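Reviewing the structure listed below.
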Amino acid sequence: MDHHHHHHHLTPPSPMENAAEGAGASSKPPTPASTPNARLAPAPSARASATPPRASTPSSASAPASRTVYSDRFIPSRTGSNLALFDLAPSPSAASHSPRDATDAASSGSAQHAASTYCALLRAALFGPDSPDRLASSAAACSSSSSSTPSAATGAPALGTPATGNIFRFKAEVPRNAKRALFSGGDDEDALFPGIFTTRGAGPRKIARSPYKVRIQVLDAPALQDDFYLNLVDWSSHNVLAVGLGNCVYLWNACSSKVTKLCDLGVDDNVCSVGWAQRGTHLAVGTNQGTVQIWDATRCKRIRTMECHRLRVGALAWSSSLLSSGSRDKIILHHDIRAQEDYVSKLIGHKSEVCGLKWSYDNRQLASGGNDNRLFVWNPHSVQPVLKYTQHTAAVKAIAWSPHLHGLLASGGGTADRCIRFWNTTTNTHLSCVDTGSQVCNLVWSKNVNELVSTHGYSQNQIIVWRYPTMSKLATLTGHTYRVLYLAISPDGQTIVTGAGDETLRFWNVFPSPKSQSSDSLSCIGGTSFVRSYIR
């Protein structure tokens, strides 16, 4: 699979402490999003001296000075290693000034010169044929980043209110396939070192190629929460991406690259879900305190606030002028934005938090998934579920209706389940089940071809493109360092965006364009307007 990266360096804020339910730790370890300039350096003890260590025993002070006691622990000497190739040059403090060390340094220099051919080959394989000298570029990068990185004394942005200067900036990173291919034992080896790994006497191997040329864009999304039960990313029919970051909602126009701060809920609340109406002008926002807000995105004005849930609202779904909201209070409410009442119908059935909610394309059926491992189907006028599916053994957040076949519903289960199941809601039958091997966080169907995408959590945090109904894997995409909790698809159906607790948004061009579509695509992703040094 070919990966094309177009992004640049940035200085993100300090990593946000994750207090969300389902998080593995109370604070995030350093990730590429939080420490982009970190350099791997060998331990000081491993390069401080080439002399084997003395055993430290209480009697060592009285032992003869000439006696050397060796332990059975091997500590290698790295003084002769070509550390420059991997940006691992010893720090000045580690350098010695004795004549013997000077001799060692001279011999190390000659060895490094003799290995230049190998270094050039390895550098080209890892970083591309046109890569500059790593030591020089590393020094330049370090000097520029150290001058631009704010110190702790300058004050980091408050949690939940990321500075707008860092919102949706492009990230810099080395292609993962380049780092992985050396040790994969797969076909990538031939691409990196032609002929070296080919069996003697055999002809050239045919390298299987993915049907997709996947184009990757990476944007910073500071304070994007790592919470399985939230839905913080949605893409409108007007090609505007809405993202909930902490207590704010930001809009990003995929054509103009313009970023707009739509709302700030204040320090006492957080965004738990966002959902665009079909027309693409109104955005619903579900909050941690249980309110549902309706915003006019064209005027950046709030037009309605409905305080009807007792706990957080993590799922939203539109059906024309009807908005459905699912909450941690186990209830689903229908809000008619034309009516005066805060809600016009209350749906009771789930025994735990409602975390998945989707209307079918004909607006005749609503599917809901809960933390009670249940998948329910409702009709527009029912207050009790008309269909109940209990086969999943973990929370059902991933729900998707097929745009190609009426009544075809896909659902995915959490960590204890890991399965994608297909249902015919017209005949009330369970069609098939696929064990994906990891937590299913999201599902979305392609509008252009009969395929669907699933995003996953532990352990690979992967994105899989499937062909339906054979459920053969067309592509497996990796890059996120946290579980891929958020997923949306562009209005032209070609590009998906994924979000994760690693505080990045990644755009993947995975689906072909519809045959009936004109050359003037709705989505500008992949065009020149998308490739910017950063988004203002």
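The model shown is predicted, which means the values in this text are computed figures rather than measured ones. When reading the values below, keep in mind they use all heavy atoms of this one structure, side chains included, and skip hydrogens, waters and symmetry mates.
Side chains of Ser446 and Asn448: a donor-acceptor N/O pair is absent below 3.5 angstrom, by distance only. Residues Asn373 and Thr393 bring no donor and acceptor atom of their side chains to less than 3.5 Å of each other. In summary, the side chains of His456 and Ser454 do present a donor paired with an acceptor at a separation below 3.5 Å, with no hydrogens or angles considered. For His309 and Thr291, the side-chain atoms include no donor-acceptor pair closer than 3.5 Å. Neither side chain, Ser237 nor Trp276, offers a donor N or O lying under 3.5 Å from an acceptor on the other. In summary, the side chains of Asn231 and Ser273 do not present any donor paired with an acceptor at a separation below 3.5 Å, with no hydrogens or angles considered. With no hydrogens or angles considered, a side-chain donor-acceptor pair links Arg338 and Ser321 at under 3.5 Å. Remark: the Thr425 side chain and the Gln365 side chain contain an N/O donor-acceptor pair separated by less than 3.5 Å. In this structure, a donor-acceptor pair under 3.5 Å is absent between the side chains of His238 and Thr281.
Taking the six-membered ring for Trp and the full ring otherwise, His334 and Tyr343 have centroids separated by 6.0 Å or more. Between Tyr468 and Phe422, the ring center distance clears the sub-6.0 Å criterion. For an aromatic pair to be called close, the ring centres must be under 6.0 Å apart, and Phe507 with Trp252 satisfies this.
The distance from atom CG of Leu251 to atom CG of Asn253, rounded to the nearest 0.5 Å, is 9.5 Å. Annotation: the span from Lys330 atom NZ to Ile332 atom CD1 amounts to 13.5 Å, rounded to 0.5 Å. In this structure, Thr455 OG1 and Asn442 CG are separated by 4.0 Å, a value rounded to the nearest 0.5 Å.
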| request: Check step by step if side chain to side chain donor-acceptor pair (under 3.5 Å) holds for Tyr482 and Asn461. | output: CA-CA 6 Å; Tyr482 276 61; Asn461 307 318; over 6 Å; no
| task | Could you walk me through whether Val271 and Thr287 pass the side chain to side chain contact (heavy atoms under 4.5 Å, CB included) test, one step at a time? | result | CA-CA 5 Å; Val271 179; Thr287 76; over 6 Å; no
| task | Check step by step if side chain to side chain donor-acceptor pair (under 3.5 Å) holds for Gln225 and Asp227. | result | CA-CA 6 Å; Gln225 295 189 60; Asp227 192 323; over 6 Å; no
| side chain to side chain contact (heavy atoms under 4.5 Å, CB included) between Leu505 and Val243: does it pass, once the steps are laid out? | CA-CA 10 Å; Leu505 294 173; Val243 185; 3.9 Å; yes
| task | Report the C-alpha separation of His350 and Ser368 in whole Å, then their side-chain angles, then the decisive distance to 0.1 Å, and conclude whether the side chain to side chain donor-acceptor pair (under 3.5 Å) test is met. | result | CA-CA 9 Å; His350 283 286; Ser368 67; 2.8 Å; yes
| query | Between Thr436 and Met471, is a side chain to side chain contact (heavy atoms under 4.5 Å, CB included) present by the stated rule, with each step listed? | reply | CA-CA 11 Å; Thr436 67; Met471 290 307 283; over 6 Å; no
| request: Kindly indicate, with the supporting measurements, whether the criterion side chain to side chain donor-acceptor pair (under 3.5 Å) is fulfilled by Thr429 and Trp423. | output: CA-CA 6 Å; Thr429 53; Trp423 319 84; over 6 Å; no
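Residues Ile348 and Lys346 have side chains in contact (heavy-atom distance under 4.5 Å, counting atoms from C-beta outward). Side-chain contact between Asp502 and Arg483 is absent, with no heavy atoms from C-beta onward closer than 4.5 Å. Taking 4.5 Å as the limit, some side-chain heavy atom of Ile463 sits within range of a side-chain heavy atom of Trp508. Two residues are said to be in side-chain contact when any heavy atoms from C-beta on lie closer than 4.5 Å; Ile399 and Leu357 fail this criterion. In this structure, the side chains of Cys419 and Val440 stay at 4.5 Å or more apart for every pair of heavy atoms. Residues Ile294 and Met306 are in side-chain contact: their nearest non-hydrogen atoms beyond the backbone lie under 4.5 Å apart. A 4.5 Å side-chain heavy-atom check between Ser438 and Tyr458 finds every atom pair outside the cut-off. Contact annotation: the side chain of Cys441 never approaches that of Val484 to less than 4.5 Å [non-hydrogen atoms, C-beta and beyond].
Under a 4.0 Å N-O distance rule, the pair Asp296/Lys301 does not qualify as a salt bridge. A salt bridge does not link Asp372 with Arg374: every distance from a Lys NZ or Arg NE/NH1/NH2 to an Asp or Glu carboxylate oxygen is 4.0 Å or more.
Exactly one residue among Leu316, Val240, Val274 makes a side chain to side chain contact (heavy atoms under 4.5 Å, CB included) with Leu283. That residue is Val274.
Because its NZ or CZ atom is both nearer than 6.0 Å to the ring centre of Phe228 and within 45° of the ring axis, Lys397 counts as a cation-pi partner of that residue.
In this structure, the side chain of Asn288 does not engage the main chain of Asp269 through any donor-acceptor pair within 3.5 Å. Looking only at distances, no side-chain donor or acceptor of Gln289 sits under 3.5 Å from a matching main-chain atom of Arg312. With hydrogens and angles disregarded, no donor-acceptor distance shorter than 3.5 Å links the side chain of Asn371 to the backbone of Ser352. A donor-acceptor pair under 3.5 Å is formed between the side chain of Ser382 and the backbone N or O of Gln384.
Heavy atoms of other residues, nucleotides or ligands lying less than 6.0 angstrom from OH of Tyr361 number more than 12.
Ring pair Trp445/His404 is perpendicular by interplanar angle, where above 60° counts as perpendicular and below 30° as parallel.
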